[in-house]
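For clarity, every value in this text was computed on a predicted model and none was experimentally measured.
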Amino acid sequence: MIEFKEVDYIHPNGAKALDRINLIIKKNTINAIVGSNGAGKTTLARHINGLLKATSGEVIIDGKNTKKCSVAELSKKVGMVFQNSNNQLFADTVKNEILFGLNNFETDSQIIKTRFEWALNFFDLKKYENTSPLKLSGGEKKRLCIASVLAWNPEVLILDEPTVGQDQVQKGKMLEFISNLNKQGKTIIIISHDLEFLWSLKPNVIVMTKGKIRKTGKIADIFSDDELLNQTCLMRPQLLDLWMKLNIKREPPADITKAADIIRRISGS
């Protein structure tokens with residue numbers, strides 16, 4: 001679905017943000033990009049929807065070179081939710097925010113109506129339909145951004161720090177929502193510092209530092225690598241850390257309830 005071939009990106013000020021990136025992201029997978037601030041995570045993601053174009057090398061999305069595609073073309077296939085919701089919201093009402101992309105990408109009025117109603121209700125925004133997005137809370141703004149992108153049904157969804165401003169209840173809903181989207185065939189890419197949230201999704205992990213990809217692999221393998229964690233200043237997810245300290249050989253499950261059941265069975269209590 002997505003391929004980076006020897007990609008470099010140099011900012012207009014001369015700073016190199018991506019350095020020899022080679023990466024393949026397969027269709028219908030959940031992927032997480034992790035690393036410290038300034039590692040190049042968001043810069044890499046913005047090459048996927050065409051907001052940035054490689055200085056050298058190629059980015060291929062579903063067989064198409066992004067240098068030969070407009071942002072509008074790529075946005076129909078790749079939806080991105082920015083970290084700061086205020087940088088994405090612009091319409092006068094929640095309704096018009098959701099309808100903007102739909103009206104640009106879809107001509108069938110019945111599909112527009114159906115997708116709009118789905119987005120409004122699924123993200124619990126019905127009561128704010130005629131409210132200015134600027135009057136919403138941080139968590140509500142984040143849900144509106146996701147709703148407005150998913151309304152036009154892109155194949156790839158990029159979420160930049162999706163749990164910012166979300167309480168535990170909303171995080172739980174977000175986990176279920178991402179898992180369901182993946183089951184429906186969507187390719188999900190998450191940029192996040194929330195490693196506990198990522199652990200529950202068990203994504204493929206891409207570790208970045210200083211514009212380079214240091215390692216890719218399963219989340220349990222990545223965060224069991226002490227040398228890598230020390231070099232990239234990443235913290236191990238708490239559940240995996242507990243598992244390793246207890247010297248339990250099997251991989252820990254995705255949530256704490258199942259982990260507690262396993263520990264009780266092992267200990268005989």
- Query: Going through the distances and angles, do Ile61 and Ile48 end up as a side chain to side chain contact (heavy atoms under 4.5 Å, CB included)?
  - Reply: CA-CA 7 Å; Ile61 309 297; Ile48 297 173; 3.8 Å; yes

Quick one: does [X]'s side chain get under 4.5 Å of [Y]'s, heavy atoms only?
{"X": "Leu229", "Y": "Asp225", "result": "no"}
{"X": "Arg20", "Y": "Lys212", "result": "no"}
{"X": "Ile256", "Y": "Leu239", "result": "yes"}
{"X": "Glu155", "Y": "Met1", "result": "yes"}
{"X": "Leu144", "Y": "Ser85", "result": "no"}
{"X": "Phe122", "Y": "Leu150", "result": "no"}
{"X": "Ile24", "Y": "Ile2", "result": "no"}
{"X": "Leu134", "Y": "Leu89", "result": "no"}

- With sequence neighbours left out, write down each residue that passes side chain to side chain contact (heavy atoms under 4.5 Å, CB included) with Ile10, or none if nothing qualifies.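 Lys16, Thr55.
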
Does [atom1] in [X] sit with more than 12 non-hydrogen atoms of other residues, nucleotides or ligands closer than 6.0 Å?
{"X": "Lys202", "atom1": "NZ", "result": "yes"}
{"X": "Gln238", "atom1": "CD", "result": "no"}
{"X": "Met244", "atom1": "CE", "result": "yes"}
{"X": "Lys67", "atom1": "NZ", "result": "yes"}
{"X": "Lys95", "atom1": "NZ", "result": "no"}

Has [X] got a side-chain atom pairing as donor or acceptor with [Y]'s backbone, closer than 3.5 angstrom?
{"X": "Asn22", "Y": "Glu6", "result": "yes"}
{"X": "Glu97", "Y": "Phe90", "result": "yes"}
{"X": "Asn182", "Y": "Ile178", "result": "no"}
{"X": "Lys210", "Y": "Gly38", "result": "no"}
{"X": "Glu161", "Y": "His193", "result": "yes"}
{"X": "Ser224", "Y": "Asp221", "result": "no"}

What distance separates [X] [atom1] from [Y] [atom2], expressed to the nearest 0.5 Å?
{"X": "Asp226", "Y": "Arg236", "atom1": "CG", "atom2": "CZ", "answer": "4.5 Å"}
{"X": "Ile191", "Y": "Leu198", "atom1": "CD1", "atom2": "CG", "answer": "11.0 Å"}
{"X": "Leu242", "Y": "Ile248", "atom1": "CG", "atom2": "CD1", "answer": "6.5 Å"}
{"X": "Thr187", "Y": "Leu181", "atom1": "OG1", "atom2": "CG", "answer": "11.0 Å"}
{"X": "Ile112", "Y": "Glu106", "atom1": "CD1", "atom2": "CD", "answer": "6.0 Å"}
{"X": "Lys218", "Y": "Phe223", "atom1": "NZ", "atom2": "CZ", "answer": "15.5 Å"}

- For the residue pair Tyr9 and His11, categorise the inter-ring angle as parallel (less than 30°), tilted (30 to 60°) or perpendicular (more than 60°).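 Ring orientation, 0 to 90° scale: perpendicular.
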
- Item | Plane angle bin for Phe123 and Trp118 - parallel if under 30°, tilted between 30 and 60°, otherwise perpendicular |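 Trp118 and Phe123: perpendicular rings.
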
- Apply side chain to side chain donor-acceptor pair (under 3.5 Å) to Lys141 and Asn84, showing your working. CA-CA 9 Å; Lys141 286 179 181 178; Asn84 188 338; over 6 Å; no

- Message: Checking Asn153 against Lys186: is there a side-chain donor and acceptor pair closer than 3.5 Å?
- Response: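 A pair is found: one side chain offers a donor N or O, the other an acceptor, under 3.5 Å apart.
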
State yes or no: do [X] and [Y] share one hydrophobic cluster built from I, L, V, M, F, W and Y residues joined by side-chain heavy-atom distances below 4.5 Å, directly or via other members?
{"X": "Met174", "Y": "Ile189", "value": "no"}
{"X": "Trp199", "Y": "Ile33", "value": "no"}
{"X": "Val34", "Y": "Leu18", "value": "no"}
{"X": "Val7", "Y": "Ile158", "value": "yes"}
{"X": "Leu74", "Y": "Leu44", "value": "yes"}

Under-4.0 Å salt bridge between [X] and [Y]:
{"X": "Lys258", "Y": "Asp261", "value": "no"}
{"X": "Lys173", "Y": "Glu176", "value": "no"}
{"X": "Lys171", "Y": "Asp194", "value": "yes"}
{"X": "Lys41", "Y": "Asp160", "value": "no"}

- Item | Reference residue Asp62; test salt bridge (Lys or Arg N to Asp or Glu O under 4.0 Å); the match among Lys76, Lys77, Lys26 |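 In the set Lys76, Lys77, Lys26, the residue that makes a salt bridge (Lys or Arg N to Asp or Glu O under 4.0 Å) with Asp62 is Lys77.
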
- Decide yes or no on side chain to side chain donor-acceptor pair (under 3.5 Å) for Asn247 and Lys249, but give the supporting numbers first. CA-CA 6 Å; Asn247 199 29; Lys249 300 303 181 184; 3.1 Å; yes

Atom of [X], atom of [Y] and distance for their closest heavy-atom approach:
{"X": "Ala72", "Y": "Phe105", "answer": "O-CE2, 3.6 Å"}
{"X": "Arg115", "Y": "Ala151", "answer": "NE-O, 3.0 Å"}
{"X": "Leu102", "Y": "Phe116", "answer": "CD1-N, 3.7 Å"}
{"X": "Thr209", "Y": "Arg214", "answer": "CG2-CG, 2.9 Å"}
{"X": "Trp152", "Y": "Ser75", "answer": "NE1-O, 3.0 Å"}
{"X": "Ser200", "Y": "Ala254", "answer": "OG-O, 3.3 Å"}

- Task: Carefully, step by step, assess Ile188 and Thr29 under the rule side chain to side chain contact (heavy atoms under 4.5 Å, CB included).
- Result: CA-CA 6 Å; Ile188 313 293; Thr29 55; over 6 Å; no

- Message: side chain to side chain contact (heavy atoms under 4.5 Å, CB included) for Leu120 and Val94? Distances and angles first, verdict last.
- Response: CA-CA 9 Å; Leu120 201 64; Val94 167; 4.1 Å; yes

- Would you please test Val71 and Asn49 for side chain to side chain contact (heavy atoms under 4.5 Å, CB included) and show each step? CA-CA 7 Å; Val71 174; Asn49 69 348; 5.8 Å; no

